[in-house]
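In what follows, chains are A, B, ... by sequence order, proteins preceding strands, each numbered from 1.
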Protein chains: 2
Amino acid sequence: MKITIKDIARIAEVSTATVSMILNNKGNNISSATREKVMRVAKENNYIPNTMARSLVTRKTKTIGLVIPDIANPFFPELARGAEDKANEAGYSIIYCNTDDDLEKEEKYINMLSEKMVDGIVFTNSAKRTGGLSPVDRGCIPVILIDRDLESKNIKGRVLIDNLEAAYKAVSHLIRRGRKNIVFITGALTSTTAKDRHEGYKKALKDNAIKYNEKYVKAGEFRSDWGIIATNQILDEGLPFDAVFCGNDLIAISVLKVLKSRGYSIPKDISVVGFDDIYMASVIEPGLTTIKQPNYEMGYIAVEMLIDTLEKPELLIEQRSVILETELIVRSST
Amino acid sequence: MKITIKDIARIAEVSTATVSMILNNKGNNISSATREKVMRVAKENNYIPNTMARSLVTRKTKTIGLVIPDIANPFFPELARGAEDKANEAGYSIIYCNTDDDLEKEEKYINMLSEKMVDGIVFTNSAKRTGGLSPVDRGCIPVILIDRDLESKNIKGRVLIDNLEAAYKAVSHLIRRGRKNIVFITGALTSTTAKDRHEGYKKALKDNAIKYNEKYVKAGEFRSDWGIIATNQILDEGLPFDAVFCGNDLIAISVLKVLKSRGYSIPKDISVVGFDDIYMASVIEPGLTTIKQPNYEMGYIAVEMLIDTLEKPELLIEQRSVILETELIVRSST
DNA sequence: CTGAAAGCGCTAACAT
DNA sequence: ATGTTAGCGCTTTCAG
């Protein structure tokens with residue numbers, strides 16, 4: 001049988017109000033005698049507060065939703081870990097959801113989180129949303145955006161990286177290494193991420209007086225299968241190229257694989273650059289040159305921002321943005 | 001302003017009880033006229049049920065806890081994904097927690113989950129627990145164990161693999177390939193997982209008339225750092241060996257790395273076998289021979305079992321166990 | 001310094 | 001076929 005605040009009140013011979021105040025360190029003037037007594041009784045009976053009941057009245061659940069495309073994509077576990085660590089530090093817990101970039105699932109999950117009355121949501125917007133109202137618009141739950149941008153009310157903050165600048169760094173690096181015909185294989189250009197990286201790619205070419213050629217751009221999905229398909233495509237099309245810049249490491253690793261299996265030497269014949277710096281990038285051979293994103297920090301900071309917003313009502317109005325630094329990690333694939 | 005059941009009752013000119021029944025498909029005899037009316041009013045006003053209030057009375061939260069060591073360990077994301085998929089199918093959501101195999105954190109999280117009144121917990125027991133009461137013992141929340149075994153009341157089921165048999169398969173494979181001096185690098189032998197794999201290792205040696213030598217066993221942690229340390233140790237100790245069986249792929253990948261950097265040729269000089277078959281195992285070079293564990297299924301089945309237990313009270317008494325099949329994946333490291 | 005009482009939004013007997 | 005009512009366990013005025 002679960003012990004309630006009522007039982008404690010009865011045993012300690014005080015009122016439930018007193019017990020409640022003591023257990024929450026609220027009452028400013030409660031004799032230390034009763035305080036200790038109540039504490040003791042609570043301890044002795046192994047009292048576990050019922051957060052449902054509490055939330056019902058306080059309208060706070062100390063729970064936040066984490067909505068990401070897929071935890072099995074190596075980009076996200078670190079991020080999820082950062083988020084959970086910060087949440088835990090602050091006494092929050094995390095409900096996590098995988099959308100697979102599917103708009104219906106996204107909708108369903110946001111509704112579910114509304115019903116569960118999460119205090120806020122850390123959200124990676126689907127790469128497939130091309131417009132229309134995001135489900136986060138409907139409710140009134142504060143949202144922190146992560147990785148991918150999106151315009152909407154309810155958005156209280158953003159944790160992003162400068163994708164344009166990062167792509168620019170990567171492609172410039174390739175050019176400095178003497179490469180001129182650079183293929184760009186990436187995810188759907190509907191996502192702001194892919195779009196900005198595309199811009200960075202173009203800008204680097206332009207600043208180095210290399211003509212942009214649409215045929216060198218292969219936009220599909222941020223998945224390893226797409227890396228395989230796109231590499232074979234570009235190879236079969238017969239356009240000459242001496243480097244590949246990839247929208248993420250998963251793609252880059254597939255590119256490496258296909259290229260090697262078709263007899264190319266990396267980086268002698270073709271250089272490859274990835275994006276994300278997942279653990280695998282340092283393990284494969286040749287080591288993958290890539291852009292390091294601070295995944296753990298992204299998750300951590302997003303939750304920090306969210307909790308800040310929640311607990312400091314004066315911050316509830318303003319939007320905040322953090323652009324995290326990326327770093328070019330040079331390995332032997334270039 | 002949030003719409004409540006009361007508002008709907010007022011607008012639709014019925015009682016809250018009626019509204020409640022309709023919204024939950026409960027009342028067996030309600031005129032379709034009122035039913036439709038209530039449904040319409042609910043839709044029109046964008047009614048979102050308050051699960052707190054509901055849970056408070058039903059004592060069910062439709063939430064389950066997933067307690068694992070570390071989502072950033074590549075073994076777990078797939079498992080977490082399987083768990084979430086099944087939970088989602090059944091209308092449950094998942095609160096996820098990382099314990100880092102730390103007993104204090106484990107305790108803290110289990111308490112937190114009790115307060116949040118999760119309906120059940122899917123739990124990977126810390127590899128460091130050597131005895132004493134697990135925090136899952138204290139409460140009365142049904143628990144499904146995953147990956148690592150543990151004895152305790154409240155445990156309603158287990159989803160495991162036959163680690164002994166799997167290790168036996170792996171080591172036998174090495175022996176068939178002509179290897180005789182097989183090093184075993186693994187995590188702490190306090191975990192049932194490491195222990196059983198150790199037994200399998202010993203059994204395979206014995207069945208092939210190879211003497212077991214303690215010096216060939218390096219038990220530390222299931223982490224890549226440990227792979228590096230242990231490999232260097234064994235190399236420096238100067239014992240001759242021609243194969244390494246690793247407690248997991250993370251370790252195996254480190255072993256591969258160190259071995260290569262110290263000039264050994266794989267598998268010519270030394271064969272390496274891992275355990276888990278994480279994605280990386282197929283990507284690195286040489287491809288890592290390993291034992292494939294059905295991670296996704298483990299998560300999926302664990303949640304399935306949990307929900308079954310929760311929703312069919314007649315199952316609440318009996319314990320259930322599933323031992324999933326493993327498979328030896330032969331790649332070029334052997 | 002402490003208690004009484006109202007009510008958060010919902011469900012589930014029990015009435016009608 | 002629908003309404004009345006009593007809580008679920010907790011917090012929070014408002015009195016005393």
Visitor: Take the protein atom NZ of A:Lys60 and the nucleotide atom C1' of D:dT11, then report the distance between them rounded to whole Å.
Guide: 13 Å
Visitor: Identify which nucleotide among D:dG3, D:dT11, C:dC10 has an atom closest to any side-chain atom of B:Ile5, counting heavy atoms from C-beta outward.
Guide: C:dC10
Visitor: So what does B:Ser55 touch, heavy atoms closer than 4.0 Å: a base, only the sugar-phosphate, or nothing?
Guide: nothing
Visitor: What is the distance from CZ of A:Arg10 to P of C:dA4, rounded to the nearest Å?
Guide: 15 Å
Visitor: Using only heavy-atom distances, determine whether the side chains of B:Glu89 and B:Tyr300 contain a donor-acceptor pair under 3.5 Å.
Guide: yes
Visitor: To the nearest angstrom, how far is A:Ile3 atom CD1 from D:dG9 atom P?
Guide: 11 Å
Visitor: Look at the side chain of A:Thr16 and decide which nucleotide, out of C:dA13, C:dA5, C:dG9, has an atom nearest to it.
Guide: C:dA5
Visitor: Would you name the heavy atoms of B:Val118 and B:Ile141 that are closest together and state the gap between them?
Guide: O-CG2, 4.0 Å
Visitor: Between the side chain of A:Asp7 and the main-chain N/O of A:Ile3, is any donor-acceptor distance below 3.5 Å?
Guide: no
Visitor: How would you label the contact of A:Ser20 with the nucleic acid (heavy atoms, under 4.0 Å): base, sugar-phosphate, or nothing?
Guide: base
Visitor: What contact category does B:Thr34 fall into here, base, sugar-phosphate, or nothing, at under 4.0 angstrom with non-hydrogen atoms?
Guide: sugar-phosphate
Visitor: How many whole angstroms separate atom NZ of B:Lys6 from atom C1' of C:dA6?
Guide: 11 Å
Visitor: Closest nucleotide of DNA chain D for B:Glu13 versus for B:Val57: which of these residues is on the 5' side?
Guide: B:Glu13
Visitor: Please check: side-chain N/O of A:Asp119 versus main-chain N/O of A:Lys62, any donor-acceptor pairing under 3.5 Å?
Guide: yes
Visitor: What's the closest nucleotide to the A:Thr18 side chain, out of C:dG3, D:dC8, C:dC10?
Guide: C:dG3
Visitor: Give the rounded distance in Å between these two atoms: CE of B:Met52 and C1' of D:dT11.
Guide: 16 Å
